[in-house]
Every structure is written in C-alpha cells, then in structure tokens.
Amino acid sequence: QVQLVESGGGLVQAGGYLRLSCEASGRTINDWTIGWFRQAPGKEREFVASINWTGRFTNYADSVKGRFTISKTDGAFTVVVYLQMNTLKPEDTAVYSCAARHRVGDQYNFWGRGTQVTVSS
C-alpha cells in the first residue's frame, strides 16, 4: 500500500516556474517507481516524467524535456518526489498527479488526488 499526496500547484504566467511535490509513503516505498502524469480538460491523461526506485533513472515526455526535472529525496517510509517545471507554457495547464509503480510491476497501482497547475498567457 502506498499513499501519495501532491502539493505545489498554482497559477503562474507563461515563462514562469513551479515546483510540485509528491509525498509518497508506505512500508516498502523504496521499491516503487514514482511517476507524474497530467490531465487537461477534455484530454486524456498523459505521462510527464518518472524516477525509478533507486533514483538513478529518469524518463520524460518529449513535450517537457529540457524544461522539467524530476528528483527525489529518500526516507525510511516516506519519499518526496519533486517536479521542477521551468519555462511553463499555457499548454502545460492541467491537473498533475503522481502515481506509484512497483519495481517488478508494469502498471501504476496507486494515485494521488492531483494538484492544479494553470499557466496564463
């Protein structure tokens, strides 16, 4: 079981930046890959970035490469995964959610509720 809580969303002008946080907790949290996803109104949810359980491997959607950076800090039963978002664009507007996938699994099984990011033009 993994619990995830996002924070850090808000309203920012185009070209600005935000840092999202995902607090992920559970007894085996260090065995889980954490991913960020986003869903804009009227669109399907899409993958944004992920960081594996060791923290050594990251993956990004093409649309955010070079602008977003994912990182994490580890604890015994809680990790915090950050998504630094720079040079934001209006098309980055969405609800951002983090999710957890076990290191031997192929699906994200646990999800947070999300945090709203709005980028004004």
Side-chain angles (χ1 to χ4, degrees):
Q1 190 80 10
V2 175
Q3 293 80 43
L4 304 116
V5 179
E6 303 92 341
S7 61
L11 172 64
V12 64
Q13 288 187 333
Y17 63 91
L18 282 174
R19 188 176 80 160
L20 305 183
S21 299
C22 170
E23 183 173 308
S25 59
R27 290 183 58 83
T28 61
I29 191 58
N30 289 297
D31 288 339
W32 295 76
T33 286
I34 304 298
W36 281 98
F37 293 78
R38 67 187 182 185
Q39 187 166 20
K43 295 186 177 181
E44 293 188 355
R45 184 169 59 198
E46 64 174 353
F47 169 79
V48 176
S50 66
I51 186 165
N52 82 325
W53 61 95
T54 68
R56 288 184 291 177
F57 298 101
T58 58
N59 192 25
Y60 296 91
D62 287 343
S63 59
V64 306
K65 280 181 182 176
R67 300 189 298 122
F68 291 11
T69 303
I70 191 169
S71 61
K72 70 170 185 164
T73 59
D74 290 329
F77 300 113
T78 301
V79 302
V80 182
V81 177
Y82 302 99
L83 186 68
Q84 178 68 42
M85 308 186 295
N86 298 329
T87 319
L88 282 162
K89 304 174 181 180
E91 51 263 44
D92 294 318
T93 295
V95 174
Y96 285 70
S97 302
C98 59
R101 185 186 79 224
H102 195 265
R103 60 185 175 87
V104 297
D106 59 359
Q107 293 185 4
Y108 286 88
N109 302 106
F110 299 99
W111 292 81
R113 292 188 174 186
T115 185
Q116 176 71 45
V117 171
T118 303
V119 184
S120 63
S121 57

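We number each residue from 1, following the sequence as shown.
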For E23, which residues count as a salt bridge (Lys or Arg N to Asp or Glu O under 4.0 Å) partner, sequence neighbours excluded?
-> none
Heavy-atom side-chain proximity of M85 to V117 below 4.5 angstrom | yes
Sequence neighbours left out, what passes ring-ring contact (aromatic ring centres under 6.0 Å, His included) with W36? Give chain and number order.
-> none
Which residues satisfy the side-chain contact (heavy atoms from CB on, under 4.5 Å) test with V12, sequence neighbours excluded?
-> L18, L88, V119
Nearest-0.5 Å distance, NZ of residue K89 to OG of residue S121 = 14.0 Å
Please tell me if the side chains of V64 and R38 come closer than 4.5 Å, counting only heavy atoms from C-beta onward.
-> yes
Can you list the steps and then say if F57 with T33 is a side-chain contact (heavy atoms from CB on, under 4.5 Å)?
-> CA-CA 10 Å; F57 298 101; T33 286; over 6 Å; no
Sorted by chain and residue number, the salt bridge (Lys or Arg N to Asp or Glu O under 4.0 Å) partners of R103 (sequence neighbours excluded) come out as D31
If a pair satisfies side-chain hydrogen bond (donor to acceptor under 3.5 Å, both in side chains) and one of its residues is in residues 75-86, list it, with sequence neighbours excluded.
-> Q84-N86
Decide side-chain contact (heavy atoms from CB on, under 4.5 Å) for I34 and K72; before the verdict, give the C-alpha distance in whole Å, the side-chain angles of both, and the deciding distance to 0.1 Å.
-> CA-CA 9 Å; I34 304 298; K72 70 170 185 164; 5.9 Å; no
What are the two closest non-hydrogen atoms of L11 and S120, and how far apart are they?
-> CD1-CB, 4.4 Å
Can you measure from CD1 (I51) to SG (C98) and round to the nearest 0.5 angstrom?
-> 12.5 Å
What residues, two or more places apart in sequence or in another chain, satisfy ring-ring contact (aromatic ring centres under 6.0 Å, His included) together with F37?
-> F47, Y108, W111
Rounded to the nearest 0.5 Å, what separation is found between the CG atom of L83 and the CD atom of E6?
-> 11.0 Å
Heavy-atom pair with the smallest gap, counting every atom of A94 and A40 = CB-N, 3.8 Å
Smallest separation among heavy atoms of A14 and P90, with atom names | CB-CD, 4.1 Å
Could you pull out the closest heavy-atom pair between C22 and L4, with the gap in Å?
-> SG-CD2, 3.7 Å
Those residues at least two apart in sequence (or on a different chain) that pass salt bridge (Lys or Arg N to Asp or Glu O under 4.0 Å) with K65 are D62
Across all chains, not counting sequence neighbours, the side chain to side chain donor-acceptor pair (under 3.5 Å) partners of T58 are none
For Q3, what residues pass the side-chain contact (heavy atoms from CB on, under 4.5 Å) criterion, not counting sequence neighbours?
-> Q1, S25
T93 side chain near Q116 side chain, heavy-atom distance below 4.5 Å | yes
Under the side chain to side chain donor-acceptor pair (under 3.5 Å) test, which residues partner E91, sequence neighbours left out?
-> none
Are L20 and Y60 connected in the hydrophobic side-chain network, where two residues link if heavy atoms are under 4.5 Å apart?
-> yes
Across all chains, not counting sequence neighbours, the side chain to side chain donor-acceptor pair (under 3.5 Å) partners of D106 are none
Got V79 and W53 here, is their nearest side-chain heavy-atom distance under 4.5 Å?
-> no
With Q39 via side-chain contact (heavy atoms from CB on, under 4.5 Å) - residues at least two apart | R45
Check whether any side-chain heavy atom of V2 sits under 4.5 Å from a side-chain heavy atom of H102, and report yes or no.
-> no
